[in-house]
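Atoms within a ligand are numbered from 1 in the order they appear, just like the ligands themselves. Quick caveat, the model's predicted, so the values are computed rather than measured.
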Amino acid sequence: MAAAKRDYYKVLGVDRSASEGDIKKAFRGLARELHPDVNAHDPEAEEKFKDAAEAYEVLSDRQRRETYDRFGHEGLQSAGVGFGSFQDIFDAIFGGADPFGGFGRGSGAGADVAAVVEMDLEDALEDQQREISFEVVSVCEHCRGNGAEPGTPIETCDRCGGTGQLREVSRSIFGQVVRAMPCDKCGGEGRIPQTPCERCGGAGRVTEMRTWEVDIPAGIEDGQRVRIAGAGHAGAMGGRQGDLYVEVRIDPDERFTRQGTELIARAEVPVTTAIVGGEVFVPTLEGEVAIEVPAGTQHGDMGVLSGRGLPPLHGGRRGDQHVVFELVVPTDLDPEEREAAERLAEALGQGQPSPRR
Ligand SMILES: [Zn+2]
Ligand SMILES: [Zn+2]
């Protein structure tokens with residue numbers, strides 16, 4: 001992720017007052033211009049395309065656009081956007097056809113790997129390091145990826161002439177698109193070993209288990225993904241490695257409702273405490289703490305435990321925990337208690353509740 005994000009309107013080249021139609025039109029134009037199949041020689045095209053897709057993802061959504069207009073990138077990050085769902089955009093714009101024929105790369109690049117990490121809500125308070133293991137295709141060390149048993153000859157593929165690619169012309173919303181497909185005879189290698197490597201059977205790649213320490217930033221939310229560039233499957237013909245996407249799943253904690261950095265919890269308050277004031281204990285992510293109940297607290301009133309929420313994803317002050325007071329009326333009073341309650345009712349005026357101010 002880039003440290004300093006560009007203004008989404010500038011990325012798409014539209015005015016801040018642009019209509020939904022203008023935004024869609026601008027993105028389609030950029031998509032056509034930056035499409036890697038059209039623009040294979042510009043290594044920055046993919047990044048630019050991703051930036052444009054991210055800008056479009058936000059600005060095409062009325063609610064997110066509003067948030068962005070008011071709070072900028074920071075507002076979106078604390079609202080739990082931030083990690084792209086580019087595939088959704090591709091699906092929306094391109095009708096399900098993935099314009100990269102992979103995920104954002106030319107042919108020969110390795111596929112991405114998806115993994116899941118499960119955490120408790122408390123774990124989102126601090127940066128976490130989790131070790132994950134996953135199966136990955138990597139370059140065969142025995143033949144160093146060329147697929148031939150060491151010391152044996154390799155022939156050039158006659159189907160693709162050694163390029164490893166077959167070209168296919170198709171029509172799409174971009175007009176005529178020349179798409180390079182991996183050669184089916186040599187599997188995109190361009191060369192065919194006469195004596196296949198005994199370790200990988202000539203594929204040049206082997207499947208193995210890989211273990212990776214994944215850094216999960218504090219403030220992460222359920223469903224967000226951490227991308228580790230280059231930790232995915234090996235590519236063909238020296239193509240770049242795919243990426244590892246680690247999805248974070250946070251076990252729901254029934255004590256809290258989370259809204260970004262804010263937490264909401266309930267606290268039962270005896271009705272007498274609500275009348276005269278006092279304190280009750282509420283769960284926080286760091287154990288139970290006391291919260292003051294002001295005299296005259298009504299059912300549904302809220303208190304705040306400052307700084308007991310979660311940190312924002314990119315650092316900064318922790319959010320707050322909001323506490324909803326739920327008044328509890330005692331039942332099964334013994335005669336003495338009942339008498340005291342009756343005296344109170346009388347003192348407050350014939351058992352009628354005092355008018356609210
Ligand atoms: Zn091998
Ligand atoms: Zn071939």
Apply side chain to side chain donor-acceptor pair (under 3.5 Å) to Arg318 and list each qualifying residue two or more places apart in sequence or on a separate chain. Glu286
Is the CZ atom of Arg16 crowded by more than 12 outside heavy atoms at less than 6.0 Å? yes
Indicate the atoms forming the closest heavy-atom contact of Ile220 with Ile250, along with that distance. O-CD1, 3.4 Å
Met302 and Val324: which non-hydrogen atoms are nearest, and at how many Å? CE-CG2, 3.8 Å
Whether the side chain of Glu262 engages the backbone of Asp320 through a donor-acceptor N/O pair (distance < 3.5 Å, no angle test) should be reported. yes
Ion pair check, Arg258 and Asp253, cut-off under 4.0 Å: no
Closer than 2.8 Å to the Zn ion (ligand 1) - protein N, O or S atoms, ordered by chain and residue number: Cys140 SG, Cys143 SG, Cys197 SG, Cys200 SG
Step by step, would you call Tyr56 with Arg28 a side chain to side chain contact (heavy atoms under 4.5 Å, CB included)? CA-CA 10 Å; Tyr56 177 73; Arg28 286 177 85 104; over 6 Å; no
With Asp301 via side chain to side chain contact (heavy atoms under 4.5 Å, CB included) - residues at least two apart: Thr297, Gln298, Phe325
Quick one: name the protein N/O/S atoms under 2.8 Å from the Zn ion (ligand 2), chain by chain. Cys157 SG, Cys160 SG, Cys183 SG, Cys186 SG
Between Arg210 and Ala231, is there a donor-acceptor pair closer than 3.5 Å when you use the side chain of the first and the backbone of the second? yes
